[in-house]
Amino acid sequence: MRIRPGNAYPLGATWDGRTGTNFALYSEHASRVELVLLDADGGEQRVPLRERTAFVWHAFVEGVGPGQRYGYHVDGPWAPEEGLRFNPRNLLTDPYAKAFSGVTRWEDGTFSYDIASDSPDRDLIANPHESFGVPLGVVVDPGFDWQDDRPPHTPLHKTIVYETHVKGLTMRHPEVPPELRGTYLGVGSPPIVRHLTELGVTAVELLPVHQFVDDKFLLDRGLRNYWGYNTIGFFAPDVRYRSGERVAAEVRQFKEMVRALHRAGIEVILDVVYNHTAEGNHLGPTFSFRGIDNPTYYRLVPDAPRYYYDYTGTGNSLNVRHPQTLQLIMDSLRYWILEMHVDGFRFDLAATLARGLYEVEQLSSFFTIIHQDPVISQVKLIAEPWDLGEGGYQVGNFPVRWAEWNGKYRDTMRSFWRGDGGVAGDLGYRLSGSSDLYQNDGRRPYMSVNFVTAHDGFTLADLVAYDHKHNEANGEDNRDGEDNNRSWNCGAEGPTDDPEVRALRRRQQRNLLATLLLSQGTPMIAGGDEIGRTQGGNNNAYCQDNEISWYDWELDDERRALLRFVQRTLRVYRDHPALQRSKFFKGRKIRGGDVRDIMWLRPDGEQLSDDDWQDPTTQSLGMFLAGHGVDDVDDEGEPIRDDDLLLVLNGGLSPVEFVLPPLHAAWERLVDTAADEPHGQVAGGDRAELPPKTLVLFRGVDPDMTHDT
């Protein structure tokens, strides 16, 4: 085996396609770095990296190619109280590994300190034993025939996001071949692609697929980290979702999934976790970053660098103030865009990435670098705009080009349909695109990613069936998970045979989904809500890799009817550009008369007054959207025109008669949550009766437009 100096860039293991592989590892504080090559039988060969350029240790090893498993030993000071935790007995994995040989083997050791010690200061005592339980990196062949793959490039204002889990979506689908269930290839299989296209979504947002670690405390309970918010490899698709046993095949299979979804016009957005790693706090394991260069990769407490800042609730926070850590994140993002063809990212606890010293800075280095990057700045960027630190709730404060999960939208819609008073003012903002959050900073209505449920919390079916969480299966005595869910069980806790309760729950599910899909902004559906998926009241199923979390595809009549309702409502959404505005409403007059681009109406047909907005008893209102007030042009530069639309909501427990504007001869029902199928027209100026807890979307029609319904 011949060793050549190699290059300091790119970082990671890079096969040259012919003679060998270049290895490069950044460590500013190390005194010695050793590459470890392992064969299939566990035999190892150690290669000292003698070249060091700008803190990058590197070598080119001839004869090494795809499939080679590798790791590192990194030596340097063992001085935990100074933030340095080098232990050359630890086998470490490459932060830039493109694939992993497996998952963590806790029994083979993963700690750099002496966990056998009873001392409260045991993290200060170096582990005297060899530790080699980390998942090893694998050299990959990056070649792939993308054929005619093209990104769909769906504009954000026409995007409908479907948040889902690779395994949960596919594991129980009867038409997905058994060997593909729970895998990337399962997501790209014809039955799943068909469901997504027939549903009408334009993008899937996958829960974390970066290589992650199952927490030992979960494994000890017979559970695992199902959601995957515990990353250890920011470049590698997780091996758990591979079909078959071929080493590193998950890289190719992920690309095949993306290619299949793109052919169906569906974009792929990744939920990414750059705010922390799986190594936890000072008592956590050492897989990679901690043992390679602790102060480079983590936010350490300045006057006590033995400890870590924790803005995430996981024990540590990545040090995005360090140029090398920023480079790691940017290299990872570019890799997934250029090599894996993904279309965007949702950043978990993104406020953590913006933190300066103790505050959240809107224009931190992280956002500045992304803004000027010619690759990353052009894909969809979505922030979860909060973390657990002081001042961490940053909804509405992210820079231009960034969309945000709008938690205020979720809370307002849940409160309104539950029947809470005093939310009318917030309801108006949320229905019309949240201009109070996004209008004055260069952003548009579609930067509000609207949702009523997500992976974290109740499913939609559970939101209307439970007043309280039921997380006993998590093994934490029901202490985990959110207590303030703004849920309503409609009269009975959990499953019931009461026909009135069941009917109300069906209507509430339709109300929440229809409101979501008919509001201005970018709608996000939590996967499975369209088929009435339940988790039995568990609102924190992060550790449930079983039928609690996996989608049940055996649909009864009620769940099949819900699916048809969502499909119809999404067709209405796609057919009407007035529901997909790319600009905020101006409240301006159109047609030279008294009609404005948006008007808010009381049940008596009059416009809402300031007092109405403030009245805690206001639970019924209408939102009129002028079809000639879209104020936008199509791809050919022609003005966009649509029908006049009227969205009417009754969130109260009593029926309401709503006077429809005399602007048209009649108003046709397009969506009606009180009926299995929308039907009928109401003459302009007449009253339409809305049962309790009902939403109706009307389309204005005139004599030359009317047709039998």
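The structure presented is a predicted model; accordingly, all values stated were derived computationally and were not measured.
With contacts defined as side-chain heavy-atom distances shorter than 4.5 Å, the pair Met330/Phe366 qualifies. Considering only heavy atoms from C-beta on, Trp57 stays 4.5 Å or farther from Tyr72 through its side chain. You'll find the side chain of Arg306 reaches within 4.5 Å of the side chain of Arg85, heavy atoms only. Counting only heavy atoms from C-beta outward, the side chains of Phe234 and Tyr274 approach each other to under 4.5 Å. Inter-residue side-chain proximity for Pro208 and Leu270 is flagged as unmet; no heavy-atom pair is nearer than 4.5 Å. Counting heavy atoms from C-beta on, the side chains of Glu279 and Ile232 come closer than 4.5 Å. Residues Thr93 and Tyr70 form no side-chain contact, since every pair of their non-hydrogen atoms from C-beta on lies 4.5 Å or further apart. At least one side-chain heavy atom of Lys167 sits under 4.5 Å from a side-chain heavy atom of Tyr241.
In the model, His29 has a side-chain atom that pairs as donor or acceptor with a side-chain atom of Asp293 under 3.5 Å. Side chains of Ser434 and Asn406: a donor on one and an acceptor on the other come within 3.5 Å. Donor-acceptor pairing under 3.5 Å is recorded for the side chains of Tyr226 and His165. A donor atom on one side chain and an acceptor atom on the other are found under 3.5 Å apart for Asn538 and Asn474. Between the side chains of Ser415 and Arg486, at least one donor N or O sits under 3.5 Å from an acceptor N or O. When only modelled atom types and interatomic distance are considered, Thr314 and Thr312 share a side-chain donor-acceptor pair under 3.5 Å. A side-chain N or O of Asn294 and one of Tyr308 form a donor-acceptor pair less than 3.5 Å apart. In this structure, a donor-acceptor pair under 3.5 Å is present between the side chains of Thr277 and Tyr298. Side chains of His210 and Trp336: a donor on one and an acceptor on the other come within 3.5 Å. For the residue pair Asn87/Ser112, the side-chain donor-acceptor check at 3.5 Å is not satisfied. No hydrogens or angles considered: a donor-acceptor pair under 3.5 Å links the side chains of Asn485 and Asn539. Between Asp215 and Asn225, the side chains place a donor N or O and an acceptor N or O closer than 3.5 Å (distance only, hydrogens not considered). Side-chain atoms of Asp348 and Asn275 form a donor-acceptor pair, as typed in the model, at a separation below 3.5 Å.
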Query raised in the report: Going through the distances and angles, do His455 and Tyr229 end up as a ring pair (Phe, Tyr, Trp, His ring centres under 6.0 Å)?
Result: CA-CA 12 Å; His455 69 276; Tyr229 290 92; 5.2 Å; yes
Query raised in the report: Arg52 and Glu28: salt bridge (charged side-chain N to carboxylate O under 4.0 Å, His left out), yes or no, with the steps?
Result: CA-CA 10 Å; Arg52 185 174 185 234; Glu28 179 178 347; over 6 Å; no
**Report entry** CA sep, side-chain torsions, deciding dist, call: Asp214, Arg240, salt bridge (charged side-chain N to carboxylate O under 4.0 Å, His left out)
**Finding:** CA-CA 11 Å; Asp214 285 311; Arg240 294 168 180 82; 3.1 Å; yes
**Report entry** Stepwise salt bridge (charged side-chain N to carboxylate O under 4.0 Å, His left out) check, Lys469 with Asp483
**Finding:** CA-CA 7 Å; Lys469 65 187 182 184; Asp483 291 311; 2.8 Å; yes
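Residue-environment remark: CG (Asp118) stays at or below the threshold of 12 foreign heavy atoms within 6.0 Å. Atom CZ of Arg50 has 12 or fewer heavy atoms from other residues, nucleotides or ligands within 6.0 Å. The environment of Tyr393 atom OH is dense: over 12 non-hydrogen atoms of other residues, nucleotides or ligands sit within 6.0 angstrom.
Taking the charged nitrogens against the carboxylate oxygens, Glu404 and Arg443 do have a contact shorter than 4.0 Å, which makes a salt bridge. Under the 4.0 Å criterion applied to side-chain N and carboxylate O atoms, Asp114 and Arg122 are not assigned as salt-bridge partners. Under a 4.0 Å N-O distance rule, the pair Arg32/Asp75 does not qualify as a salt bridge. In this structure, Glu130 does not pair ionically with Arg89, as no charged nitrogen and carboxylate oxygen lie closer than 4.0 Å. Between Glu384 and Arg346 there is a salt bridge, since at least one side-chain N of the basic residue sits less than 4.0 Å from a carboxylate O of the acidic one. A salt bridge does not link Asp343 to Lys380: none of the charged side-chain nitrogens sits closer than 4.0 Å to a carboxylate oxygen. Salt bridge status for Asp373 with Arg334: present, with a side-chain N to carboxylate O gap under 4.0 Å.
Distance alone, capped at 3.5 Å, is enough to place a donor-acceptor pair between the His58 side chain and the Pro5 backbone. Judged purely by atom type and a 3.5 angstrom limit, Ser119 uses its side chain to pair as donor or acceptor with the backbone of Asp121.
Residues satisfying the side-chain hydrogen bond (donor to acceptor under 3.5 Å, both in side chains) criterion with Gln535, sequence neighbours excluded, are Arg533. With sequence neighbours left out, the salt bridge (Lys or Arg N to Asp or Glu O under 4.0 Å) criterion links Asp94 to no other residue.
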All N/O donor-acceptor pairs, side-chain side in residues 97-104, below 3.5 Å, sequence neighbours left out:
unit_1: Lys98; atom_1: NZ; unit_2: Tyr96; atom_2: O; d: 3.4
unit_1: Ser101; atom_1: OG; unit_2: Leu136; atom_2: N; d: 3.4

